[in-house]
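Below is one structure, written out as structure tokens; the observations come after it.
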Amino acid sequence: MQRIERDPALEIAPDFNSVMYTEIRRTMAEAQGVEEAVVTAQLVEAWEAENAQKKIEWTAQVEREERERELHEEEIREMQRLREQELAQLKEQERLEAEKKKHKFIAFENKPLTRKIACRPSPWALSRLEKGQYVPLWYFTPEGCKDAQATMLSAHEESLDMSQVDGKMTLKPTAGARASRNAIDDSALSWEQMCSAKNAFLVQIQATRWPEIYISSLASFFLDIECHELRDEEFGKPILLNYQAQMRREWHDTLDRNKDTFDIGMWSSLVMEAVSNDYWNQSRMAGIKEVSNILNYLTYTPSSPPPPLFPNSNPRISRDNTRAIILPLTSITADAGRGKNREP
């Protein structure tokens with residue numbers, strides 16, 4: 001529909017009696033066989049009917065355009081509102097990021113420290129704990145904590161290493177981002193080191209929010225080792241230390257593979273038997289080698305150089321170039337005999 005450009009209510013009807021419409025009046029009068037006055041009345045009536053229709057269309061057009069204008073203005077307001085909301089969200093995000101970076105000062109209680117300061121393992125060990133990964137117990141011994149402290153004190157003299165944190169690459173001192181070169185295997189720990197380290201280890205996995213079932217199983221695992229009757233035997237502690245080292249490593253490996261997993265808190269007689277047999281086999285071989293060295297030394301002939309009694313030792317040479325060695329034969333053969341007679 002063509003748009004009406006002017007309000008029909010403002011239009012004025014033409015003067016159909018004027019000279020301008022004479023020809024129209026005459027033609028219509030002759031065609032209809034009526035007077036020109038009748039034709040004039042017809043023309044006025046026709047114009048008024050057309051004007052009335054235009055007024056209806058004009059009113060509808062005005063209402064339609066008003067609705068369109070209102071809708072357009074509403075769309076503009078909505079877009080403005082969304083834009084302001086987006087800007088507000090961006091400002092809030094910037095504020096939250098700034099809050100995260102801002103140091104938060106927490107109120108402290110008015111009382112002295114009434115406990116010992118806990119062991120502080122290296123950042124490398126704590127980072128692996130947060131990921132649920134295996135960490136040797138040495139990092140939780142007093143020696144491991146002292147090593148971590150000494151390493152962090154010298155970190156400013158070390159180079160920097162790239163590491164990813166929350167999807168962003170950051171620079172960190174290499175001293176805190178790597179394993180210690182002084183770390184030792186769990187099987188090489190002393191009994192006292194293992195007992196001390198496992199307590200600090202259990203505290204740290206609680207602090208890093210390991211699953212409760214993990215913490216409970218590990219606590220049972222260490223308790224069974226610490227209270228095992230074999231610990232009072234002469235060679236019991238080394239066997240238990242090897243059992244702890246192998247079981248905990250295997251437990252983590254199966255969890256990493258998500259295959260053949262097991263409850264570490266349940267005692268494995270099969271693994272204990274294998275660890276005991278392996279320990280006694282190594283003890284037997286060491287005893288046999290030691291006795292063999294003694295026999296070779298005692299039976300050498302003067303024409304040939306004597307074999308070393310202890311391959312890793314430096315024999316003393318006397319002034320007359322003869323070997324001056326005191327043989328601990330009684331103790332050595334006794335130790336070898338004990339290793340031979342003891343069965344796992």
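The shown structure was predicted, so the numbers you read here are calculated from the model rather than taken from an experiment.
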(message) Using the ring pair (Phe, Tyr, Trp, His ring centres under 6.0 Å) criterion, which residues pair with Trp267? Sequence neighbours excluded.
(response) His228, Tyr243
(request) Can you sort out the partners of Glu73 under side chain to side chain contact (heavy atoms under 4.5 Å, CB included), two or more places apart, ordered by chain and number? (result) Arg69, Arg77
(message) Quick one, Met272 and Leu240 - any side-chain contact, counting heavy atoms below 4.5 Å?
(response) yes
(request) Please answer whether the main-chain N or O of Leu43 pairs with a side-chain N or O of Arg25 as donor and acceptor at a distance below 3.5 Å. (result) no
(message) Do Asp186 and Leu241 make a side-chain contact, defined as non-hydrogen atoms from C-beta onward lying under 4.5 Å apart?
(response) no
(message) Tell me whether Asn258 contacts the main-chain N or O of Thr254 through its side chain, where contact means a donor paired with an acceptor under 3.5 Å.
(response) no
(request) Indicate the atoms forming the closest heavy-atom contact of Ser196 with Pro142, along with that distance. (result) OG-CD, 3.8 Å
(message) Around atom CG of Leu113, are there more than 12 heavy atoms from other residues, nucleotides or ligands closer than 6.0 Å?
(response) yes
For residues 133-140, which side-chain N or O atoms pair as donor and acceptor with protein atoms under 3.5 Å away, sequence neighbours left out?
unit_1, atom_1, unit_2, atom_2, d
Gln133, OE1, Arg128, NH1, 3.3
Tyr139, OH, Ser180, N, 2.9

(message) I need the Asp7 CG to Gln61 CD distance, nearest 0.5 Å.
(response) 10.0 Å
(request) Could you tell me whether the side chain of Val62 reaches within less than 4.5 Å of the side chain of Thr59, counting heavy atoms only? (result) no
(request) Could you tell me whether Lys91 and Glu94 make a salt bridge, using a distance below 4.0 angstrom between a side-chain N and a carboxylate O? (result) no
(request) Give a yes or no answer on whether the side chain of Asp147 reaches the backbone of Glu143 with a donor-acceptor pair at less than 3.5 Å. (result) no
(request) First locate atom CD of Gln85, then atom CZ of Arg83, and finally report the distance between them rounded to the nearest 0.5 Å. (result) 12.0 Å
(message) Could you check whether Glu23 pairs with Arg26 (Lys NZ or Arg NE/NH1/NH2 to Asp/Glu carboxylate O, under 4.0 Å)?
(response) yes
Taking only distance into account, with no hydrogens and no angle test, what donor-acceptor pairs under 3.5 Å do side-chain atoms of residues 211-225 form with protein atoms, sequence neighbours excluded?
unit_1, atom_1, unit_2, atom_2, d
Ser217, OG, Ile213, O, 3.1
Ser217, OG, Asp263, OD1, 2.9
Ser220, OG, Ser216, O, 3.1

(request) Give, for atom CG of Leu230 and atom OG of Ser276, the distance between the pair rounded to the nearest 0.5 Å. (result) 6.5 Å
(message) Test of understanding: with ring pair (Phe, Tyr, Trp, His ring centres under 6.0 Å), list the residues that count as partners of Tyr21, not counting sequence neighbours.
(response) Phe16
(message) If we ignore hydrogens and angles and just use 3.5 Å, is the side chain of Gln193 paired with the main-chain N or O of Ser190 as donor and acceptor?
(response) yes
(request) Check the surroundings of atom CD in Glu66: do more than 12 heavy atoms from other residues, nucleotides or ligands lie under 6.0 Å from it? (result) yes
(message) Could you tell me if the side chain of Met28 sits less than 4.5 Å from the side chain of Glu36, heavy atoms only?
(response) no
(request) Check the surroundings of atom CD in Glu45: do more than 12 heavy atoms from other residues, nucleotides or ligands lie under 6.0 Å from it? (result) no
(message) Applying salt bridge (charged side-chain N to carboxylate O under 4.0 Å, His left out), can you list everything that pairs with Glu84, at least two apart in sequence or on another chain?
(response) none
(request) Please identify each residue that fulfils side chain to side chain contact (heavy atoms under 4.5 Å, CB included) with Lys55, with sequence neighbours left out. (result) Pro8, Ala9, Asn51
(message) Is there a continuous path of hydrophobic side-chain contacts, each under 4.5 Å between heavy atoms, that joins Val19 to Val39?
(response) no
(message) Keeping Thr27 on the side-chain end and Ile24 on the backbone end, is there a donor-acceptor pair under 3.5 Å?
(response) no
(message) Looking at every non-hydrogen atom in both residues, tell me the closest pair between Ser187 and Ala245 and how far apart they are.
(response) N-CB, 3.6 Å
(message) Once rounded to the nearest 0.5 Å, what's the spacing between atom NZ of Lys101 and atom CD of Glu97?
(response) 6.5 Å
(message) I'd like to know if Val271 and Phe235 are part of one continuous hydrophobic network [Ile/Leu/Val/Met/Phe/Trp/Tyr, side-chain heavy atoms within less than 4.5 Å].
(response) yes
(request) Would you mind listing every salt bridge (Lys or Arg N to Asp or Glu O under 4.0 Å) that reaches into residues 188-210, with sequence neighbours excluded? (result) Lys198-Glu226
(request) Begin with the C-alpha distance, continue with both residues' side-chain angles, and end with the deciding distance and a verdict on side chain to side chain contact (heavy atoms under 4.5 Å, CB included) for Arg257 and Asp253. (result) CA-CA 6 Å; Arg257 298 192 305 265; Asp253 288 347; 3.6 Å; yes
(message) Please report the interatomic distance CE(Met79) to CD(Glu86), rounded to the nearest 0.5 Å.
(response) 11.5 Å
(request) Would you please name every residue forming a side chain to side chain contact (heavy atoms under 4.5 Å, CB included) with Gln282, sequence neighbours left out? (result) Asp278
(request) State which residues pass side-chain hydrogen bond (donor to acceptor under 3.5 Å, both in side chains) with Glu78; sequence neighbours excluded, sorted by chain then number. (result) Arg81
(request) Report the distance from atom CD of Glu11 to atom CZ of Arg6, rounding to the nearest 0.5 Å. (result) 6.0 Å
(message) A side-chain contact here means heavy atoms from C-beta on lying under 4.5 Å apart; do Phe201 and Arg248 qualify?
(response) yes
(message) Under the ring-ring contact (aromatic ring centres under 6.0 Å, His included) definition, can you give me all pairs with a residue in residues 27-67, not counting sequence neighbours?
(response) none
(request) Identify, with sequence neighbours excluded, every residue that meets salt bridge (charged side-chain N to carboxylate O under 4.0 Å, His left out) alongside Glu65. (result) Arg3
